[in-house]
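Hydrogens, waters and symmetry mates play no part in the numbers below; they use all other heavy atoms, side chains included. Letters A, B, ... are given to chains in the order of the sequence lines, protein chains preceding strands, and every chain is numbered from 1.
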Amino acid sequence: MKIGEVAERTALSIRSLRHYDELGLVSPSAHSPGGFRLYTEADVERLLLIRRMKPLGFSLDRMKDFCRALDTLGAGGGSAGGDVAGGEGQGARFDDDAATTISEIGAEATERLERLRKHLAYAEEFVEIIDRLS
DNA sequence: CTTCTAACA
DNA sequence: TGTTAGAA
C-alpha cells in the first residue's frame with residue numbers, strides 16, 4: 001500500500017513515515033516503478049510498534065536498536081538459519097546481544113511508563129480542578 | 001489528486 | 001515535525 005494509506009492506518013504523518021525511512025528505522029519493503037514507497041502488512045506492524053514506543057519517549061535511534069534486535073532474534077531464531085557444521089558460534093553471540101538489548105529497552109520502557117503514568121495523573125488532577133470550576 | 005525530494009518563516 | 005515549492 002502507498003504511504004497515504006499507511007499514514008491513515010498508523011495515525012503517523014506522511015512526514016514521519018518518510019523520516020523513518022531516511023533514518024532506516026522503517027523502510028518500505030518495495031517501491032513502485034514510479035518511485036512511490038510501497039509498504040507491506042509487516043511494515044505496518046513495525047510502524048505500529050514504533051507508535052507504541054513513541055509515547056514512552058524513546059529516541060528514534062533507540063527504536064532502531066530495538067527493531068534491529070527484534071530482527072536479529074526473529075530471523076535467526078535458534079540459529080536455525082541454515083548454519084553449516086560448526087558455524088553458529090557467532091549467531092549465538094548476536095542473539096545474545098539482541099536479547100540483552102531487548103531486556104535493556106524493556107527495563108527502560110517500564111521506567112518511562114511509570115513516569116508517563118505520573119504525568120497522566122497530574123493531567124487528570126488538572127482536569128478535575130477545571131471541571132469543579134466550570 | 002497523490003507522492004517525491006529538498007529546504008526553510 | 002510541519003510546511004511548502006516544483007515536478008512526475
Problem set entry | A:Pro28 vs A:Ile3 side-chain heavy atoms within contact, under 4.5 Å | no

Problem set entry | Heavy-atom contact window of chain A on DNA chain C, given 5' to 3' at under 4.0 Å | C:dT1 to C:dT3

For this session: Answer with yes or no whether the hydrophobic clustering places A:Ile50 together with A:Leu48; edges join I, L, V, M, F, W, Y residues whose side-chain heavy atoms lie under 4.5 Å apart.
Result: yes

Problem set entry | B/S/- contact track for nucleotides 3-9 of chain B, protein heavy atom under 4.0 Å | SBB-B--

Seminar exercise, completed: Residues in residues 41-60 of chain A with a heavy atom under 4.0 Å of DNA chain B, by number, are none

Seminar exercise, completed: Residues passing the side-chain contact (heavy atoms from CB on, under 4.5 Å) test with A:Leu38, sequence neighbours excluded, are A:Lys2, A:Ala30, A:Ser32

For residues 9-26 of chain A, dump all side-chain donor-acceptor pairs below 3.5 Å to protein atoms at least two apart in sequence or in another chain.
residue, atom, partner, partner atom, Å
A:Arg9, NH1, A:Glu41, OE2, 3.4
A:Arg9, NH2, A:Glu41, OE2, 2.3
A:Thr10, OG1, A:Val6, O, 2.8
A:Thr10, OG1, A:Leu12, N, 3.3
A:Ser13, OG, A:Ser16, N, 3.0
A:Ser13, OG, A:Ser16, OG, 2.9
A:Asp21, OD1, A:Ser27, OG, 2.9
A:Asp21, OD2, A:Arg37, NH1, 2.7

Exercise. Using a cut-off of 4.0 Å on non-hydrogen atoms, how would the nucleic acid contact of A:Ser13 be classed: base, sugar-phosphate, or nothing?
Worked result: sugar-phosphate

Seminar exercise, completed: Residues at least two apart in sequence or cross-chain that pass side-chain hydrogen bond (donor to acceptor under 3.5 Å, both in side chains) with A:Asp43, listed by chain then number, are A:Ser29, A:Thr40

Problem set entry | A:Thr101 side chain near A:Phe66 side chain, heavy-atom distance below 4.5 Å | no

Problem set entry | Residue pairs involving residues 45-54 of chain A (criterion side chain to side chain donor-acceptor pair (under 3.5 Å); sequence neighbours excluded) | A:Arg46-A:Asp71

Exercise. Under a 3.5 Å cut-off on both pairing distances, which runs of 3 or more consecutive Watson-Crick or G-U pairs involve DNA chain C?
Worked result: B:2-8 with C:2-8

Exercise. Where do A:Phe58 and A:Ile105 land on the side chain to side chain contact (heavy atoms under 4.5 Å, CB included) test, with the steps shown first?
Worked result: CA-CA 9 Å; A:Phe58 282 106; A:Ile105 294 180; 3.8 Å; yes

Problem set entry | Residue pairs, two or more places apart or on separate chains, that pass side chain to side chain donor-acceptor pair (under 3.5 Å) and touch residues 111-134 of chain A | A:Glu108-A:Arg112

Exercise. Which distance, rounded to the nearest 0.5 Å, do you find between the CG of A:Asp65 and the CD1 of A:Ile102?
Worked result: 10.0 Å

For this session: Taking the side chain as every heavy atom from C-beta outward, state whether A:Phe36 and A:His31 have any atom pair closer than 4.5 Å.
Result: no

